[in-house]
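One structure below.
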Amino acid sequence: MTRSAGKDIRAQAASREASVIATKKRAGFAAIIGAPNAGKSTLVNRLVGAKVSIVTQKVQTTRFPVKGVAMDGEAQIVLVDTPGIFKPRRRLDRAMVRAAHTQASDADVVVHLVDAHAEESTKPGDKRSAEDAEMITESLVAAGGKTILVLNKIDLVKRDHLLALSQRLYETGAYDEVFMVSAHNGSGVDDLKAALAARMPESEWLYPTDQTADLPVRLLAAEITREKLYLRVHEELPYNLTVETTAFDEKKDGSARVEQTIYVERESQRPIILGEAARKDLGEILDRTIHLFLQVKVREGWQEERAFYTGVGLDFDV
Ligand SMILES: Nc1nc2c(ncn2[C@@H]2O[C@H](COP(=O)(O)OP(=O)(O)OP(=O)(O)O)[C@@H](O)[C@H]2O)c(=O)[nH]1
Ligand SMILES: [Mg+2]
């Protein structure tokens, strides 16, 4: 054997070994945290390629962690959508923020999603969002700088602003990698997905490959109705309602009969919700014909009932 042939064989074996390593299965959890309205749920849906979490233009849409499963080659990324992190006041707010922190500490990878548009805006809501993002960055510095920073909504901001923002945030020492995406149009999302895949630990896959969501169907159905209501009712009303699926009966023809109760805090809120409920348009996500029966009840103080929290996996004692 000549020297060069030996070298060739060694090189071939090395490359075979590399490809074996490259095709080893990986799986893990990537928690997406950020200020309310940063686009976390939109990003999770985009990475998964299906709607697993509800999205609205209002803050505090996501109330409890929602998982979505994405595949990238041999890597399975379980994305954990979390409620926005802000300065909580009510018990429900505190439980939501607590859940976001818990998911971040349990995950293999943490992504801090920042609304790059809010960072340059002077609108009160956007300023609050920028302040919340800053508070999160500070807490991440203390955590040791292993977080991925993702600037979102780049479809709305100029490049100069983006570069300055990413530099300013990177210099805090909170992050070890920066991505710029539009969860809305998908720009930059594939690069982020590949980076998440590369950070997944070697592991058997955690979910069957055809599964994208893991919310029980009753809870998913309640979330869809809550989304529709959030999109249409205003001011404090969205934060004062909750939806419960009381029956979900599969029919022989593949359709389902779904009964839900929408709870509001006060009698004065009932007529508004009743009007919206009449529009009934569930079904699109559940991908089947839905016969929906809604009722609206007043349940003063539902936010102080333990059962509501345990039902969606939130801590009551916060
Ligand atoms: N233009 C633009 N809008 C976006 C983008 N990503 C999200 N949005 C919008 O931002 C709003 C908030 O999106 P969500 O995904 O609900 O945000 P979130 O971070 O999950 O919000 P919470 O659950 O309330 O914490 C929605 O109106 C989205 O359509 C983006 O990349 N570009
Ligand atoms: Mg959300």
Side-chain angles (χ1 to χ4, degrees), residues 30-68 79-88 90 92-101 103-104 110-121 123 125-126 128-133 135-136 149-159 161-162 165-166 179-193 213 215 219-220 222-224 226-234 236 238-239 241-242 285 312-314:
I32 315 293
I33 62 165
N37 221 36
K40 301 176 294 296
S41 303
T42 310
L43 179 64
V44 166
N45 291 340
R46 175 66 68 177
L47 284 162
V48 169
K51 178 142 176 161
V52 296
S53 195
I54 63 169
V55 169
T56 80
Q57 75 284 13
K58 295 191 169 68
V59 294
Q60 295 153 41
T61 298
T62 303
R63 282 186 178 162
F64 51 85
V66 174
K67 295 192 182 79
L79 295 145
V80 187
D81 185 16
T82 64
I85 295 174
F86 60 106
K87 291 200 185 84
R90 307 173 304 169
L92 176 56
D93 299 342
R94 292 197 300 275
M96 285 160 50
V97 171
R98 163 78 66 92
H101 286 299
Q103 293 300 328
V110 178
V111 169
H112 180 197
L113 190 69
V114 172
D115 180 342
H117 180 60
E119 292 283 332
E120 65 167 2
S121 163
K123 282 199 218 146
D126 288 337
R128 205 170 313 125
S129 173
E131 282 165 21
D132 289 333
M135 179 177 79
I136 298 167
L149 171 65
V150 178
L151 300 180
N152 189 31
K153 309 197 187 181
I154 63 168
D155 53 301
L156 299 177
V157 291
K158 293 212 180 71
R159 211 179 148 68
H161 164 72
L162 268 181
L165 177 63
S166 97
F179 291 86
M180 298 180 192
V181 307
S182 167
H184 176 67
N185 68 20
S187 160
V189 171
D190 283 347
D191 286 348
L192 171 63
K193 193 174 180 181
L215 271 194
L219 196 48
L220 177 61
E223 284 289 277
I224 298 165
R226 197 164 64 82
E227 177 183 76
K228 303 304 173 209
L229 293 170
Y230 264 52
L231 290 170
R232 292 179 196 136
V233 300
H234 302 296
E236 285 303 302
Y239 308 104
L241 66 84
T242 186
I285 304 175
V312 295
L314 289 175

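For this chain, numbers begin at 1 and follow the sequence in order. All values derive from a computational prediction rather than experimental measurement. Read the numbers this way: they start at 1 and go in the same order the structure lists the ligands and their atoms.
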(message) Taking atom CZ as the centre, does R128 end up with more than 12 heavy-atom neighbours from other residues, nucleotides or ligands that are less than 6.0 angstrom away?
(response) no

Please write down residue, atom name and distance for the protein heavy atom closest to [atom].
{"atom": "atom 29 (O) of ligand 1", "answer": "V55 CG1, 4.1 Å"}
{"atom": "atom 25 (O) of ligand 1", "answer": "K40 NZ, 2.8 Å"}
{"atom": "atom 8 (N) of ligand 1", "answer": "K153 CE, 3.7 Å"}
{"atom": "atom 30 (C) of ligand 1", "answer": "H184 CB, 3.1 Å"}
{"atom": "atom 15 (O) of ligand 1", "answer": "T42 OG1, 2.5 Å"}
{"atom": "atom 6 (N) of ligand 1", "answer": "N152 ND2, 3.2 Å"}
{"atom": "atom 12 (C) of ligand 1", "answer": "N37 OD1, 3.0 Å"}
{"atom": "atom 17 (O) of ligand 1", "answer": "G39 N, 3.1 Å"}

Any donor-acceptor pair under 3.5 Å linking the side chain of [X] with the backbone of [Y]?
{"X": "K58", "Y": "P238", "value": "no"}
{"X": "K40", "Y": "A35", "value": "yes"}
{"X": "T82", "Y": "I32", "value": "yes"}
{"X": "N45", "Y": "S53", "value": "yes"}
{"X": "Q60", "Y": "P83", "value": "no"}
{"X": "N152", "Y": "A38", "value": "yes"}
{"X": "H184", "Y": "G39", "value": "no"}

(request) Supply the atom-to-atom distance I136 CD1 to I85 CD1, rounded to the nearest 0.5 angstrom. (result) 4.5 Å

(request) To the nearest 0.5 Å, tell me how far T62 OG1 sits from E223 CD. (result) 7.5 Å

(message) Tell me whether A38 reaches ligand 1 (any heavy atom closer than 4.0 angstrom to a ligand atom).
(response) yes

(message) Would K58 count as a contact residue for ligand 1, given that I'm defining contact as a non-hydrogen atom of the residue lying under 4.0 Å from a ligand atom?
(response) yes

Ligand 1 versus [X], non-hydrogen atoms closer than 4.0 Å: side chain, backbone, both, neither?
{"X": "Q57", "result": "both"}
{"X": "D155", "result": "side chain"}
{"X": "L156", "result": "side chain"}

What atoms of ligand 1 come within less than 4.0 Å of a heavy atom belonging to [X]?
{"X": "T56", "result": "11 (C), 12 (C), 13 (O), 16 (O), 26 (C), 27 (O)"}
{"X": "Q60", "result": "24 (O)"}
{"X": "P36", "result": "25 (O)"}
{"X": "G84", "result": "25 (O)"}
{"X": "V59", "result": "24 (O)"}

(request) Check whether any N, O or S atom of N37 sits under 2.8 Å from the Mg ion (ligand 2). (result) no

(message) With a cut-off of 2.8 Å, does T62 put an N/O/S atom close enough to the Mg ion (ligand 2)?
(response) yes

(message) With respect to S182, determine whether any N or O atom, backbone or side chain, lies less than 3.5 Å from an N or O atom of ligand 1.
(response) yes

(request) Check whether any N or O atom of A183, backbone or side chain, sits under 3.5 Å from an N or O atom of ligand 1, and answer yes or no. (result) yes

(message) Does R226 form a side chain to side chain contact (heavy atoms under 4.5 Å, CB included) with L241? I'd like the steps, not just the answer.
(response) CA-CA 8 Å; R226 197 164 64 82; L241 66 84; 3.9 Å; yes

(request) For I154 and F179, run side chain to side chain contact (heavy atoms under 4.5 Å, CB included): C-alpha distance rounded to whole Å, both residues' side-chain angles, the deciding distance at 0.1 Å, then the answer. (result) CA-CA 10 Å; I154 63 168; F179 291 86; over 6 Å; no

(message) Do the side chains of D115 and K153 get close enough for a salt bridge, i.e. N-O under 4.0 angstrom?
(response) yes

